[in-house]
Visitor: 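Handing you a structure now.
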Amino acid sequence: MRWFLLIFPLMLFSCQKEEEAYVAGLGFDEFVPVFNEYMKTWNAEQLQVARDELAKVEADTPAAKDAEMKVARFERRIALGDYYSFKTPADLPADLEWKDGLNEPEDSDPAAKKGGVFRYYVASFPPTLRPFGPASNSGMRGELYDEVQLGLVALNRLNSSVIPATAQKWAHGPNKRTWYFKIHEDAAYSDGVEVEARDFAVAAYLRMSDYANSPFYKQYLREEIAQIAIYDEHTLSVTFPEAKSELGMYNKIGDFAPSPPHFYEEFGPDFEERYNWKHQPNTGPYVVREGDVDKGVSITLTRNKNWWGNDKRFYRYRYNPDKIVWRVIRDPNKGFELFRAGQLDMALVSSPKLWYEKSEISKVYDGYIERHWWYNDFPRPQFGVEMNLDKAKLKDLNVRLGLAHALNYDKVIKVQFWGDYNRLPGFVDGFGDFVNPDVKPREFSPQKAREYFAKAGFTEEGNDGILRKPDGTKLEFTLSHYAIKTYADIMSILKTEARSAGVDLILDGKDPSIVFTDAMDKKFELTTVAWSVQPPYFAFYEYFHSRNAYDEQGNIKPKTNNVFAYNDPQMDKWVEEYRQTSDNELKKELAHKIQQQIYERGVFVPGWKRDFERVACWRWMRWPNTETVRFCPPVVSYPYEHYSFWIDTEMQEETLEAMRSGETFPEVQNVVEKYRKK
Amino acid sequence: MKLGIGLSLIVASVASVLADRADLKLPTISWGYNFARSAGDLNLPFESLEWLVSNSGLITAIILFLVGAWFVLSKLTSGPPNPVTMRKIQRFKAIKRGYYSFLILLGLAGLASLDQLIVGKEALAVKYNGEWQFPAFTTKLEKNKDFGITDPARTDLEPNYRELKKEFANKDDASVILPLRPYNPTQDTISALAKEIDPDESNYSGLGTRLYSAEQPESPHLRFTYRKGIRQGDAQGWNKEGDRVYKAKYADGLLVKGSEEWEGEGMLKDFLSDTKELEYDVSYPPSEPKLSHLLGTTSQGDDVIAYLYGGLQVNFQAAIIYIPIVYLIGITVGLLMGYFGGWFDLVVQRIIEILSNIPFLFLVIIITLGVPAQYKDRLGFYLILGILAIFGWMGMTYLMRTSALKEKARDYIAASRVIGAGVPRILFRHLLPNSVAILVTLVPFSISGLVLSLTALDYLGFGLPVQYASWGKLLKDGLSSLSSPLLVTSAFSCLVIMLVLVTFVGEAIREAFDPKKYTYYR
């Protein structure tokens, strides 16, 4: 009994954590004045910095011109007023020429039928369903938001022109710095709530907020946009610090989608956890209902039959399946086998092994499965080898050029890819006229490689065939790559071939996400990362500006795309000008110069590129087939991402019946070279 | 027999030192020196480690010499053989299954030790200009220019001896002698394999390719699509540089008029007749088997038979290093625990408990990710064995402890203590020989455990570096390329056969060394 009395008081003091007191609620109205003040101060600071720079620099030099432009830019920003401005329609300029893009060719097929279920897979279940915030980049953001929702304006995938999306009309102000948008009156979110112009400002606020924890958006929205002004329920404008062409405007904010304020009523410090598994209603036609998220297994999207875009040009013949089921399948081989068994509707068979061997099966011969080989015109990922200029052994140009001649990508293309793929010409490809046609890859030549290495001081050869300097330093590099089978096979070929040039490549295969983060932190010697880039412009700034290589103290800046630690004053100038100018011709000129320098510095050895995608699908999965659109418009990366296909349920029943009865159809192997760039 | 083993070890150690002096590398015997050459110039954290690595050839030779000398001396100084042991060996031989498995394993070990004599891409002997050279046995790397190749793009490259043999075929005073299987287990890419086909006769469905040269199947000339022996669908053609210059369509065996597209130089007629009408079924890695490659190739283009041989070698190498280390540590600790008992026993038992609760796989993953790539490349094999050894020695401590506890209570131990024998003498001269039965029985099962662990680690991708052939990697490769079933089946069969043989030997030893047949309990 006495023991109990002793212990009893202790039980009264339970460990209760004090709950963080925060005000739940969107917080937008409270945020606006605070942020406007902050931007005023920030602008003033930046103006002072720019003025100081101007004072230090000699007059009439290119540096002076840049400094003057910078001063002018911040003076303009301050003159604009509040970052978030609330005006009235009376404040709109009088003679705006509104464009509606309706005369651009439609990039889908009127024969499309709504209905059916499209079943495909992703490699891993996403860590979050949020469209922004931590880990949102590495999930299914494309499948759930980016590809199925409508932003401000969109890109026509036939001719890269700007077409309407949530904005019905757009116009630019006299100086092309401000762009005005009129939103469709019937635009609504997937839960039926109408879209208002203010929702775009809310979207910007949410991403900039501390609760969202997104350093990229914070910087991007602050520096790339000078003002967001709301005029009435369906009119808004966005002002950039510098003038932008129409495509430039699309490049910066075209994909920017509105955020439903009512959904974010519980926005707060615990945003990351609270909203982790909530699917945000968006302007697209697909809804994710309760119970459609089977954690670790699948996510199902259901089509909203009363979608506001159902009869809008450019969208009426797209987004056709009634249901889209994304399964989680880790092994692509298993994905192919499930496709063969009929549990998935499509398989990507671009790799030669899949196209020439694995898909040569009786189901293809009997016409149940159709195959398509479609050449597209899309920016190519930079498959190749990047070199880290921060490492001492790679600072010598001769070493880098020798390496370029020691990597036998032609053999890789022949052996691994059956000669189907092509050699990537340079770091930038698939951007039309912006690609410098004089930049070509250096050929594999052990002789030339040895000459360069000899110039760099590697004159002796060891017993194992690897070159070394007289003081004993061996010519060896660590080559980081993704630890997946295709890459392992490719690296193995490169290693064996490089030996004949006297170089020892030490292969370091790691998990893809680790390889990527190491590359961004510049913790490698040679690496093989590639980015998937979007049209219409290549963003050189993030890859080549010295600001993304070193910080003010001279330390390596982590988590940037400048994996090369590229640090050249001339490149900095070119890249900044390219970013700011709205003159397309000047942009092209600068792009060519930039690519030439990248080639001369030898920091990137181009590997391979694939000019096409190959798809095998069950015959009930139909694709566009009109005069203008064959299979899929060209400016698309993977054809299904354009959602211009449809599932023909009648054909599905017919095919399943034919498979049971033994009836066959003629074999279909559809090669579409209409959009091929020679 | 002991004398024979001892003498051969001594001869081997002397031979390895002499061979190194003469810049030669002998099969298996020069293993230590090969390691020293490959990893000698690594920058290691400790000076002593560096010294150890760069002198590993000499150290191995010294160890071999000492072990051999010990065998010889103990044989010469010991009396007649122990009849109990002789009886045990006789019993072992009487168990046919185990005995024959043991002989087969010995044979396999012998095969594995032949190294570059039977499997390798370097020629055993090359006669050129009347002179004999022996590339497989020299540490120096030969170049193409040593054999008369003057093509500037190739003079400085290592010769491809298989091609050299074909080139020398027409010369009188030049010849090349290749090993039995002239392919390296790893890093000897075979770009593609080509099998001659007659599409018409065999009702072939698939691709038929005409080649510029049968030795280079990866450079096709024309490729046609066949359905049931008839040309149907797309046809493509490439020039000698590898650019695609020709396209055409076929329907029902006939060329569709107007479907030909020609982008190359010269006349289309000349291009089409550039090669004979012979067609091949070209198989890219992992390639289908053909007569010259009975099991095909792996996904990286290595010949599967050579790869399996490489895996066999790796297994034996691992066993030779792992078993002595693990047993040395395990036996000592176990005997000490059993003999001393009390606090020592308790403490060490707790340590073992803690160590055995560390998740083995996590540690392997962490170490694999943390070690810099350079070390992983050269020292990876020993690193993995080291980790396995850290977790492997604990298994036999309990058995040795039990045995020591049992024997400790016997009279002869008390007697030797009374005489004044020290601890090491009691442990190693009295306790250990009586526990040999347990040990010997355990050895085969340790080996099979080791092989399985290595295979599992390689399968997961955390195992040996690229240049080591490993059955686990082949298994992984085969499972992701099930359309080439020979990969999985060959790796699986080799593993099963190896482990079954080892298990049979283990069972036979256990039965042969079963004390019950000779021990009488009162």
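Sequence lines set the chain letters: A, B, ... in the order given, protein chains first and strands last, and positions in each chain run from 1. Quick note: numbers below take in every heavy atom, side chains included, and nothing from hydrogens, waters or symmetry partners.
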Visitor: Answer with side chain, backbone, both or neither: which region of A/Glu476 has an atom nearer than 4.5 Å to a non-hydrogen atom of chain B?
Guide: side chain
Visitor: Does any heavy atom of chain A fall under 4.5 Å from the side chain of B/Ser205, the backbone, both, or neither of them?
Guide: both
Visitor: What is the minimum heavy-atom distance between A/Lys414 and B/Glu218, and which atoms define it?
Guide: CD-O, 3.7 Å
Visitor: Can you spot which of A/Phe417, A/Tyr356, A/Trp418 makes a side-chain contact (heavy atoms from CB on, under 4.5 Å) with B/Tyr284?
Guide: A/Trp418
Visitor: Could you name the residues of residues 479-489 of chain A that have a heavy atom within less than 4.5 Å of a heavy atom in chain B?
Guide: A/Lys485, A/Ala488, A/Asp489
Visitor: Can you establish whether the number of heavy atoms outside A/Lys455 located under 6.0 Å from its atom NZ is more than 12?
Guide: yes
Visitor: Run the side-chain contact (heavy atoms from CB on, under 4.5 Å) check on B/Ser481 and A/Lys353 step by step: do they pass?
Guide: CA-CA 10 Å; B/Ser481 327; A/Lys353 199 77 190 167; over 6 Å; no
Visitor: For chain A, which of B/Ser38, B/Gly206, B/Ser299 has the most heavy-atom pairs under 4.5 Å?
Guide: B/Ser299
Visitor: For each of B/Ala192, B/Pro285, B/Ser480, tally heavy-atom pairs with chain A at distances under 4.5 Å, and name the one with the top tally.
Guide: B/Ser480
Visitor: Would the number of heavy atoms belonging to other residues, nucleotides or ligands and lying under 6.0 Å from NZ of A/Lys334 be above 12?
Guide: no
Visitor: Would you mind telling me which of A/Glu337, A/Arg499, A/Glu461 has the largest number of heavy-atom pairs within less than 4.5 Å of chain B?
Guide: A/Glu461
Visitor: Under a 4.5 Å heavy-atom cut-off, does chain B meet the side chain of A/Lys474, its backbone, both or neither?
Guide: side chain
Visitor: What part of B/Asp234 is in contact with chain A, defined as an atom under 4.5 angstrom from a non-hydrogen atom: side chain, backbone, both or neither?
Guide: side chain
Visitor: Pick one of side chain, backbone, both or neither for A/Asp331, based on which atoms fall under 4.5 Å of a heavy atom in chain B.
Guide: neither
Visitor: Can you tell me how far the CG atom of A/Asp504 sits from the CG atom of B/Asp377, to the nearest 0.5 Å?
Guide: 6.5 Å
Visitor: Within this structure, what is the CD-CZ distance for the pair A/Glu667 and B/Arg227, rounded to the nearest 0.5 Å?
Guide: 4.0 Å
Visitor: Please classify the contact between A/Asn422 and chain B as side chain, backbone, both or neither, with a heavy-atom cut-off of under 4.5 Å.
Guide: neither
Visitor: Identify which part of A/Ser500 has an atom lying under 4.5 Å from any heavy atom of chain B, answering side chain, backbone, both or neither.
Guide: both
Visitor: Can you say whether B/Glu158 sits under 4.5 Å from chain A via the side chain, the backbone, both, or neither, judging by heavy atoms?
Guide: neither
Visitor: Pick one of side chain, backbone, both or neither for A/Asp518, based on which atoms fall under 4.5 Å of a heavy atom in chain B.
Guide: neither
Visitor: In terms of heavy-atom proximity below 4.5 Å to chain B, should A/Ile466 be classed as side chain, backbone, both, or neither?
Guide: neither
Visitor: Say you draw a straight line from CD1 of A/Ile493 to CD of B/Gln187; how long is it, rounded to the nearest 0.5 Å?
Guide: 12.0 Å
Visitor: Mind ranking A/Met491, A/Gln669, A/Arg450, A/Lys510 by heavy-atom pairs under 4.5 Å with chain B and telling me who comes out on top?
Guide: A/Arg450
Visitor: Side chain, backbone, both or neither: which part of B/Lys247 has an atom under 4.5 Å from a heavy atom of chain A?
Guide: side chain
Visitor: Give the member of B/Pro286, B/Pro220, B/Gly301, B/Pro372 that has the highest number of heavy-atom pairs under 4.5 Å with chain A.
Guide: B/Pro286
Visitor: Can you tell which part of B/Lys376 gets under 4.5 Å to a heavy atom of chain A, answering side chain, backbone, both or neither?
Guide: side chain
Visitor: Against chain A, label B/Lys476 side chain, backbone, both or neither, depending on which of its atoms sit under 4.5 Å from a heavy atom there.
Guide: neither
Visitor: I need the minimum non-hydrogen distance between A/Ile506 and B/Ala373, along with the two atoms involved.
Guide: CG2-O, 3.6 Å
Visitor: Name the member of A/Glu360, A/Gln416, A/Lys448 that forms the most heavy-atom pairs with chain B at distances under 4.5 Å.
Guide: A/Glu360
Visitor: Could you look at B/Ser283 and say if it's the side chain, the backbone, both or neither that has a heavy atom under 4.5 Å from chain A?
Guide: both
Visitor: For A/Arg423, is it the side chain, the backbone, both or neither that has a heavy atom under 4.5 Å from a heavy atom of chain B?
Guide: neither
